[in-house]
Amino acid sequence: DTGVSQDPRHKITKRGQNVTFRCDPISEHNRLYWYRQTLGQGPEFLTYFQNEAQLEKSRLLSDRFSAERPKGSFSTLEIQRTEQGDSAMYLCASRYHLGETQYFGPGTRLLVL
Amino acid sequence: DQQVKQNSPSLSVQEGRISILNCDYTNSMFDYFLWYKKYPAEGPTFLISISSIKDKNEDGRFTVFLNKSAKHLSLHIVPSQPGDSAVYFCAASARNTGNQFYFGTGTSLTVIP
């Protein structure tokens, strides 16, 4: 399978706990995106990496959120001190630098109790 | 502010007939548009795209039309099949001003056998 993969697929946590999600993009895709999707909404942009550099961040990305892509391959998204409002589907997408299309992973569904 | 809008939350169509999904945008800088299909508990799957230099792009049963003056695009599916039942998102980007993709809120298509 050469698509975008995300781990875990589901996460249930208690309010106040920290969670970390992982995304493995399609190989050779140097661009990587994180989105959040809530019920009834489309994906909302969170942040963008080109190789290991985080080039764009949405104002949705509060200081409790941090994303990394240390070697320009996989990426992690960490949420500290989770709140119930963080419950959502977190989607990762990757894109080839010469292409226009983003390809999405299956997402990580987070439920904060 | 919602820069990409899908005003029809749902659409039902008989199998074999045409499905037309609509999308409007407000940002005149958008120059690349995509349609994604999403099944429950999965990430969005790329369907078809169109650049602003074109007004039509066709791929099998799927055709996307772009009306730049009206800031409107539509996705035509013909003939519609039960397997097309899913949520469809349109997305837009302004390639020269950033890497963000903006998504609509989605239209849930049901194709009735």
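Note on naming: letters A, B, ... go to the chains in the order of the sequence lines (proteins, then strands), and numbering restarts at 1 for each one. Please read all numbers here as calculations on a predicted model, not as lab measurements.
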*Is A/R15 atom CZ crowded by more than 12 heavy atoms from other residues, nucleotides or ligands, each under 6.0 Å away?*
no
*Atom OG1 in A/T101, atom CD1 in B/I48: separation rounded to 0.5 Å?*
10.5 Å
*asked:* Taking atom CD1 as the centre, does A/I12 end up with more than 12 heavy-atom neighbours from other residues, nucleotides or ligands that are less than 6.0 angstrom away?
replied: no
_Side chain, backbone, both or neither of A/Q102 within contact of chain B (heavy atoms, under 4.5 Å)_ = both
_If you compare all heavy atoms of B/G43 against all heavy atoms of A/L91, which two are closest, and at what distance to 0.1 Å?_
CA-CD2, 3.9 Å
*Heavy-atom pair count under 4.5 Å with chain A, highest-scoring of B/F101, B/F89, B/Y102*: B/F101
*Any chain of hydrophobic side-chain contacts (each under 4.5 Å) joining B/Y88 to B/L34?*
no
*How about B/R17: does its CZ atom have over 12 heavy atoms from other parts shown lying under 6.0 Å from it?*
no
*asked:* I need the A/M89 CE to B/E42 CD distance, nearest 0.5 Å.
replied: 9.0 Å
*Say whether B/V87 and B/F46 are linked into one hydrophobic cluster, either directly or through other cluster members, by side-chain heavy-atom distances under 4.5 angstrom.*
yes
*Do A/Y35 and B/F103 have side chains that get closer than 4.5 Å, going by heavy atoms?*
yes
*For each of B/Q6, B/Q2, B/K38, tally heavy-atom pairs with chain A at distances under 4.5 Å, and name the one with the top tally.*
B/K38
_Can you confirm whether more than 12 heavy atoms, excluding those of B/K5, are under 6.0 Å from its NZ atom?_
no
*Are any of the side-chain heavy atoms of A/Y103 and B/T45 separated by less than 4.5 Å?*
no
_Does A/L98, at its CG atom, have more than 12 non-hydrogen atoms belonging to other residues, nucleotides or ligands within less than 6.0 Å?_
yes
_Max heavy-atom pair count under 4.5 Å with chain B, selected residue of A/P43, A/P106, A/G40_ = A/P43
*asked:* Please classify the contact between B/A91 and chain A as side chain, backbone, both or neither, with a heavy-atom cut-off of under 4.5 Å.
replied: neither
